[in-house]
Protein chains: 2
Amino acid sequence: MGRITVKDIARLLNINPSTVSRALKDHPDISKETIEKVKQVAEELGYEPNLQAISFRNRKSRLIGLIIPDMNMYFFPSVIKAIEDRVRAEGYNLLVLHSNNSLRGEQNNTKICDRLGVEGLLVSVSAESENLSHFEELTERGVPVVLFDRIVDRRDFPIVCIDDVQVAGKVVKHLYDRGFRKICGAFDDPHLSISKRRRQGYEKMLQDLGLEVKPEWIFHADSSETAGEKMAEVLDLPDQPDAIFSMSDQLLVGIMQACLAKGVEIPGEMAIACISNGLVPNFWKPHITYMHHSGEEVGAIAANVLFNMIRNNPVPHMNWVETNMVVQSST
Amino acid sequence: MGRITVKDIARLLNINPSTVSRALKDHPDISKETIEKVKQVAEELGYEPNLQAISFRNRKSRLIGLIIPDMNMYFFPSVIKAIEDRVRAEGYNLLVLHSNNSLRGEQNNTKICDRLGVEGLLVSVSAESENLSHFEELTERGVPVVLFDRIVDRRDFPIVCIDDVQVAGKVVKHLYDRGFRKICGAFDDPHLSISKRRRQGYEKMLQDLGLEVKPEWIFHADSSETAGEKMAEVLDLPDQPDAIFSMSDQLLVGIMQACLAKGVEIPGEMAIACISNGLVPNFWKPHITYMHHSGEEVGAIAANVLFNMIRNNPVPHMNWVETNMVVQSST
DNA sequence: AACGAGTGCGCAAACGGTTGCGGTGGAAAA
DNA sequence: TTTTCCACCGCAACCGTTTGCGCACTCGTT
């Protein structure tokens, strides 16, 4: 009733399990006839190698861990997709874990990956993660850890992301070039370094352009709903902005909902530009202008860096992901 | 440099590995002092049990497999989230695999799950899956398989989904009750049984209401883009519908894009109602009316059925997921 | 005839943790 | 004093697969 093992095949053919093992992988020590017989019996019995036993014996799990802060619909699905494709192409399997944006969850997930013996770990850190010491148990044992997108820049771990400061600046500059001078900024959780860096790029560009940085025109939100609420407040200000920079698709949704609810004409009364995975800005008419920040590309590059590390190839500390501006309608 | 094992602890304390093993799990045969010492040393050395070894020895992987057709942003992220939460709460880990909507991919994924020794498998089948024999290797060895959402109804496997026929009918009926009589229908890949059933419910309700089923008003699309194209064609018909039923969020996006592109007023010129996970219909103003089909609920119920099977509790063959109508604006 | 070089296969250990069984030593019961 | 009993711990086997080593046997070469 249990599964077929090499021992079963060996017993049936009156040979040694070691011979079966070698025959199944065409070892030159084994005669062609024996190889034939073994393979035939294995086929007939429907033999499937026990990966647990193999992993255990080789002290290799063929497992890659992926820890994401949350399973939102906007960015991580495409990242996961790209990573899984690559991981599978390399003959590995992927374990996806989410930390619920908490440090505790991230630490637990890391421990699980450790206990399962993952051979590499890809992480987009939680909002609470400043201290990254929980990854050191892994790196000390030679298990590579790569941070992507939501990162904390410690020299110990290679990071994969866009140049957030520059990219945010470029989007703001784009709005400026189109004549907008009162540019509001919407950012994710203020604890996230990705939020800090994008806000930094936004503020720096405003200053470089000689524009004022108005705190009333800047808000942080970690969900579409709160972004909508904050946006509604901005729309009630006596001194209203004429444009909005949104650092993500998730915030864009809330912003659009707020604008549509108030009947704000876009881009007539309010221009919008954002950083996006590429789908969401096209939901509305006219389409929203965005800087394309491809989740699939981030995933592909992160996986690539990881496998280079697994193969002991040198990898750069910073791995920039390209972005490109997609200008739509009159914005 | 390698990881700490029970043997290391045993050597350090001049005791037997078996004593260490028992001490770590408070076996009554071991004295309190020994337990203390062992635990202290384990703590100091940062001992982490090797789950591979444990899985191997116990012939239990503590792994659950999840196979989805594709990593789209609309439905599966919420399903995955719910499943992972439950799986983790049970002390298991989740392996997420996607089949790229191909039978081959699904078969490969199943084989991988088999080789890894998963203790249960959750599947949303690919568009190409009619024959489900690849799952039998697992069920024959007592590994439960549960199908959800995109299902094929074979008596062998419990299924978790909404009552697609009835739900689609209800949405159509809702449009009818609001006075619409020319109701277009948008469905996913025609090979999917979920598409067939929802279309069946749509057509049956039209007939029950004495309305004509017009083939020109029915289209199938497996992406937002093609849905948009097909919708644009419908909008060019001489005899235009006054309402649309969309069977999913993904199609809704394409439909909305087409309507917005043509300047069709919603719901004035065209009423829309759909089956949705609940977020997408609120992207626009006015919000789109929808039948709420919660991905999280589907995931939670599917996981629940699976764990009941793992515990040898009896489970029903059909496991219905509840839906509820969310009526918005004037539609 | 003796030697060398291969060919084909078996033996046994190992990976880390668990567990049935058995043994020792000391205290209590007979 | 002998027997019984229990608390505490060690021994060894086991899970399935792999692999270094070595043995037996066959050929071809001097």
Side-chain angles (χ1 to χ4, degrees), chain A residues 1-39 41-42 45-63 91 111-112 114-119 141-142, chain B residues 1-39 41-42 45-63 91 114-119 141-142:
Chain A
M1 205 51 247
R3 70 194 311 154
I4 310 299
T5 72
V6 290
K7 293 185 182 178
D8 296 327
I9 301 176
R11 213 174 308 126
L12 226 97
L13 290 170
N14 275 324
I15 56 179
N16 195 279
S18 60
T19 305
V20 174
S21 173
R22 284 188 256 251
L24 287 172
K25 37 188 52 151
D26 294 306
H27 193 287
D29 271 8
I30 310 298
S31 69
K32 279 140 206 73
E33 305 90 65
T34 308
I35 291 182
E36 274 314 302
K37 277 193 290 185
V38 167
K39 287 192 173 175
V41 173
L45 269 55
Y47 168 73
E48 292 286 341
N50 184 332
L51 286 190
Q52 293 178 75
I54 296 174
S55 298
F56 172 57
R57 150 90 200 186
N58 300 343
R59 282 176 299 278
K60 295 214 172 170
S61 62
R62 301 249 112 193
L63 229 46
K111 182 164 283 187
I112 287 169
D114 188 13
R115 286 148 104 107
L116 280 171
V118 298
E119 294 180 44
R141 222 172 318 98
Chain B
M1 204 52 250
R3 70 194 311 153
I4 310 300
T5 72
V6 289
K7 294 184 182 177
D8 297 325
I9 301 176
R11 213 173 308 126
L12 225 97
L13 291 171
N14 276 323
I15 57 177
N16 195 279
S18 60
T19 304
V20 175
S21 172
R22 284 188 256 251
L24 287 172
K25 37 188 52 152
D26 294 306
H27 193 287
D29 270 8
I30 310 299
S31 67
K32 279 140 206 72
E33 304 90 63
T34 309
I35 291 183
E36 273 314 302
K37 277 192 290 185
V38 168
K39 287 191 174 177
V41 173
L45 269 54
Y47 168 73
E48 292 286 341
N50 183 333
L51 286 191
Q52 294 177 76
I54 296 175
S55 298
F56 172 55
R57 151 89 198 190
N58 300 343
R59 283 177 298 279
K60 294 215 174 169
S61 63
R62 301 251 111 191
L63 229 48
D114 188 12
R115 286 149 104 107
L116 280 171
V118 298
E119 294 180 44
R141 222 171 318 97

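Chain letters run A, B, ... following the sequence lines, proteins first, then strands; residues in each count from 1. Worth saying up front: this structure is predicted, and the values here are computed from it rather than measured.
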* What heavy-atom pair brings A:Leu116 and A:Ser61 nearest, and what distance separates the two atoms? -> O-CB, 3.6 Å
* Whole angstrom is fine here: how far is it from CD1 in B:Ile30 over to C1' in D:dA7? => 10 Å
* Reckon A:Thr34 has a side-chain N or O less than 4.0 Å from the OP1 or OP2 of C:dG8? -> no
* **Shortest non-hydrogen contact between B:Asn16 and B:Ala10, atoms and distance** => C-CB, 3.8 Å
* **Heavy-atom check, side chain of A:Asp26 versus side chain of A:Lys39, under 4.5 Å** => yes
* To do: Compare the ring of B:Phe56 with the six-membered ring in the base of D:dC15 and state whether they stack (centres under 5.5 Å, planes under 30°).
  => yes
* Taking the side chain as every heavy atom from C-beta outward, state whether B:Tyr47 and B:Val41 have any pair of such atoms under 4.5 Å apart. => no
* In whole angstrom, what separates A:Lys7's NZ from C:dG10's C1'? -> 15 Å
Quick one: which protein N/O atoms are closer than 3.5 Å to N/O atoms of nucleotides 19-22 of chain D? Pair and distance per line, please.
unit_1, atom_1, unit_2, atom_2, d
D:dT19, O4', A:Arg57, NH2, 3.3
D:dG20, O6, A:Arg22, NH1, 3.4
D:dG20, O6, A:Arg22, NH2, 2.8

* B:His27 has an atom NE2; how far is it from atom C1' of C:dT18, in whole Å? -> 10 Å
* Asked: When rounded to the nearest 0.5 angstrom, what is the spacing between NZ in A:Lys37 and OG1 in A:Thr19?
  -> 10.5 Å
* Asked: Under the criterion side-chain contact (heavy atoms from CB on, under 4.5 Å), which of B:Thr5, B:Val38, B:Thr34, B:Leu13 is the partner of B:Val20?
  -> B:Val38
* Between OG of A:Ser21 and NZ of A:Lys25, what distance do you get to the nearest 0.5 Å? -> 5.0 Å
* Asked: Roughly, in whole Å, what's the span from NZ in B:Lys60 to P in C:dG16?
  -> 23 Å
* Distance (rounded to the nearest 0.5 Å) between B:Glu48 CD and A:Ile112 CD1 -> 10.5 Å
* To do: Using a strict cut-off of less than 4.0 Å between a Lys/Arg side-chain nitrogen and an Asp/Glu carboxylate oxygen, indicate whether B:Arg11 and B:Asp8 qualify as a salt bridge.
  => yes
* Any B:Tyr47 side-chain N or O less than 4.0 Å from OP1/OP2 of C:dG17 -> yes
* Consecutive-pair stems (at least three Watson-Crick or G-U pairs, under 3.5 Å) that include DNA chain D -> C:4-28 with D:3-27
* To do: Decide yes or no for A:Arg3 and B:Asp114: does some side-chain heavy atom of the first lie under 4.5 Å from some side-chain heavy atom of the second?
  => yes
* When the distance from CZ of A:Arg11 to P of D:dG16 is rounded to whole Å, what number comes out? -> 10 Å
* Among C:dC9, C:dG17, D:dT17, which nucleotide sits nearest the side chain of B:Val6? -> C:dG17
* **Rounded distance (Å) that lies between atom C1' of C:dG17 and atom CZ of B:Arg59** => 13 Å
* Asked: Rounded to whole angstroms, how far apart are CD1 on A:Ile9 and P on D:dT17?
  -> 8 Å
* Asked: Rounded to the nearest 0.5 Å, how far does OG of A:Ser55 lie from CG of B:Leu51?
  -> 12.0 Å
* Taking A:Gln52 for its side chain and B:Arg59 for its backbone only, find out whether a donor-acceptor pair lies under 3.5 Å. => no
* Calculate the interatomic distance between A:Gln52 atom CD and D:dC15 atom C1'; express it in whole Å. => 10 Å
Look for any protein N or O under 3.5 Å of an N or O in nucleotides 23-26 of chain C and output each such pair with its distance, or none.
none

